[in-house]
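As the structure lists them, so they are numbered: ligands from 1, and atoms in each ligand from 1. Residues take their numbers from the sequence shown, with the count starting at 1.
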Amino acid sequence: MRLLTLDLLNPQLQTVQYVVRGELAIKAETYRDQLKSGGHNLPFDKVISSNIGNPQQKGLDQPPITFTRQVAALTEWPALADLAPGVFPADVVARAKGLQDEIGSIGAYSHSQGVPFIRKSVARFIEDRDGHPASPDDIFLTAGADAGVSLLINMLITDPTSGILIPIPQYPLYTATLAQHHGRGIPYLLDESSGWSTDPASISAALAKIKEDGTTPKALVVINPGEPHGRAADGRDDGGAREASNLHERERHPFTSFKKIVRDLNSPVPLVSFHSISKGVSGECGRRGGYFELTNVSEEVRALIYKLVSVGLCPPLAGQIGVDSMVRPPKEGEPSYALWKSETDAIHTALASRTKIMAQRLNALPGVSCVESPGALYLFPKIELSAKAVEVAQEKGKEPDAFYALRMLDETGICVMPGSGFGQREGEWHYRLTCLCPGVEEYVGKLERFHMGFVQKYGSA
Ligand SMILES: Cc1ncc(COP(=O)(O)O)c(C=O)c1O
């Protein structure tokens, strides 16, 4: 009998790289197990997962929105409304009943494109946001934004010369999925010195470069608010492909969607915009809900996408209901409104204050500079590393910023992701950390002590 071995599998799969769940995350889990089992001599008493935007993860404590969970509870078990009279606000009971009438049991498959009623809610949400019409027929509900992104990349890669323009630094889903489907990433560099904005010249430069190797550009990825650095596009440069609820400084940085720009300009450019319930105040990553909307896409392509999503039968119903709660929150005057408002405001306030404090304190450290993020869960500080640190990292077979992050994890229990996993300019080093950890003073204090110790040991750049 022969074991299943790697040589029997698609070789492309071995080229996939995804730092967010890589070596550091695995080591952090090992430390967590050691702490749980007691007998350890680690220099910290908890592991803090700042490596992934997972707001409700144990230890990070972003609370779920009560309204979302109440609707989820009643759609899971409709009898609960009668068993617990007076517990659920009247608007929640009515909302759940309305969804149940449309969906039936959430244990049944739905329409492959997503429950039509929920797609209508999404279309209304987009119309209110952009002031342009949106059709439920152009909306596909998905298991997180990720499922839609993978599908689209799969469709666009027609042969190994197909390429997709990817902002650098990027969230590695895009390059990992491209690797899987044997496509090419075409990196275009964002400009850190102007707050990670997109300079059209960097896109032109990337396109000029691929002329030499015969790559065919098929699409351009824009991430807004940005990942891993948290930039919010201002409507003048890069438009927007993700959604506004992440933005905790919405007055200073109002959200402009790419869809709005395409419609305002009456542009024929084909666009696919993704959104999900995973981040921001919703923070329901594990529920796996999201959607994408097609703009300027032909009827035939839409039918093909429908055929492809039908192969997967339907997106999870719990995620679809989560999308409905996100796009249709309680309205002013409804019983759930006051609580919903205070909970969402509290999350925005906590994120805004933590990001600010963290960026300010990081900027005060020698050899560290950090663009403040108005709009996401992340910061992406730049670190200058000495020749000695780079040399030691190389001896250990690590990227210098991965070495820095590993030392940080070993000494503080804080798990961050090295910038090399997201892409960065040659010779520069960064790391990405989330702003989700409570107790910002203690947290930043640990980062500061670690950095100063690192500089003392390896010298400054
Ligand atoms: C830019 C970007 N795209 C896609 C995703 C995937 O998110 P999800 O599939 O949970 O919606 C993430 C998650 O962090 C992201 O930052």
Side-chain angles (χ1 to χ4, degrees), residues 18-22 25 49-57 60 62 64 68 114 122 139-154 164-178 180 185 187-188 190 196 198 219-233 238-247 255 257-258 272-293 309 312 315-316 318-320 322-323 325-327 351 373 375-380 416-417 419 421-423 432-436:
Y18 189 65
V19 70
V20 179
R21 298 263 191 192
S49 303
S50 296
N51 54 311
I52 185 162
N54 192 5
Q56 294 180 26
Q57 184 169 9
L60 299 181
Q62 179 170 311
T68 308
V122 174
I139 288 155
F140 287 74
L141 301 181
T142 52
D146 163 274
V149 170
S150 302
L151 175 70
L152 263 291
I153 289 180
N154 184 6
I164 296 189
L165 283 146
I166 307 282
I168 293 297
Q170 56 124 10
Y171 174 64
L173 161 68
Y174 301 91
T175 40
T177 312
L178 274 167
Q180 216 167 328
Y188 68 93
L190 303 180
W196 296 114
T198 306
L220 165 83
V221 170
V222 182
I223 306 174
N224 182 37
E227 241 274 58
H229 44 77
R231 172 180 172 78
D238 30 2
R242 285 179 81 206
E243 182 44 41
S245 57
N246 278 0
L247 291 172
F255 179 78
S257 77
F258 225 103
V272 185
S273 328
F274 304 86
H275 186 20
S276 91
I277 62 174
S278 294
K279 314 288 157 158
V281 291
S282 162
E284 295 278 358
C285 314
R287 215 166 270 277
R288 309 308 295 134
Y291 71 80
F292 60 86
E293 184 196 18
V309 296
Q320 295 191 50
V323 170
S325 294
M326 175 179 74
V327 298
L351 282 175
S373 146
L377 313 175
Y378 310 102
L379 288 172
F380 197 58
V416 298
M417 290 291 103
F422 299 90
R432 185 194 76 169
L433 78 170
T434 65
C435 304
L436 294 163

query: Is the closest heavy-atom distance from F274 to ligand 1 below 4.0 Å?
result: no
task: Say whether R288 and ligand 1 are in contact under the criterion: heavy-atom distance to a ligand atom below 4.0 Å.
output: yes
query: Are the side chain of S282 and the backbone N or O of S278 linked by a donor-acceptor pair below 3.5 Å?
result: no
- prompt: Should the ring pair F140 and F292 be called parallel, tilted or perpendicular, given that the plane angle runs from 0 to 90° and is split at 30 and 60?
  reply: parallel
- prompt: Which part of Y174 is near ligand 1, with near meaning a heavy atom under 4.0 Å away: side chain, backbone, both or neither?
  reply: side chain
task: Give a yes or no answer on whether the side chain of S50 reaches the backbone of L433 with a donor-acceptor pair at less than 3.5 Å.
output: no
- prompt: Which atoms of ligand 1 sit under 4.0 Å from any heavy atom of L173?
  reply: 4 (C)
- request: State the atoms of ligand 1, each with its element, that fall below the 4.0 Å cut-off from a heavy-atom position in K279.
  value: 13 (C), 14 (O)
message: Which option wins on minimum heavy-atom distance to atom 8 (P) of ligand 1: S278, G148, C285?
response: S278
- request: Look only at the side chain of Q320 and the backbone of P315, and say whether a donor-acceptor pair between them is shorter than 3.5 Å.
  value: yes
message: Below 4.0 Å, non-hydrogen atoms only: which portion of A145 touches ligand 1? Side chain, backbone, both or neither.
response: both
message: Using modelled atom types and a 3.5 Å cut-off, is there a donor and acceptor pairing between side-chain atoms of K279 and backbone atoms of G53?
response: yes
query: How does D146 reach ligand 1, by side chain, by backbone, by both or by neither, if only non-hydrogen atoms under 4.0 Å count?
result: both
query: Contact between I223 and ligand 1, counting heavy atoms under 4.0 Å?
result: yes
message: I'd like to know whether ligand 1 has Y291 as a neighbour, heavy-atom separation below 4.0 Å.
response: no
message: Taking G283's backbone N and O only, do any of them form a donor-acceptor pair with Q56's side chain (distance below 3.5 Å, no angle check)?
response: yes
message: I'd like to know if the side chain of R432 and the backbone of L379 have a donor-acceptor N/O pair within less than 3.5 Å.
response: no
Proximity to ligand 1 by part of I277, non-hydrogen separation under 4.0 Å: neither
Per-atom contacts, ligand 1 versus Y378 - under 4.0 Å to a heavy atom: 14 (O)
- prompt: Yes or no on side-chain contact (heavy atoms from CB on, under 4.5 Å) for Q57 and I52, after CA distance, side-chain angles and deciding distance?
  reply: CA-CA 9 Å; Q57 184 169 9; I52 185 162; 4.0 Å; yes
- prompt: Between A147 and T142, which heavy-atom pair has the shortest distance, and what is it?
  reply: CB-CB, 4.2 Å
- prompt: For ligand 1, which atoms, with element, lie under 4.0 Å from some heavy atom of G144?
  reply: 9 (O), 11 (O)
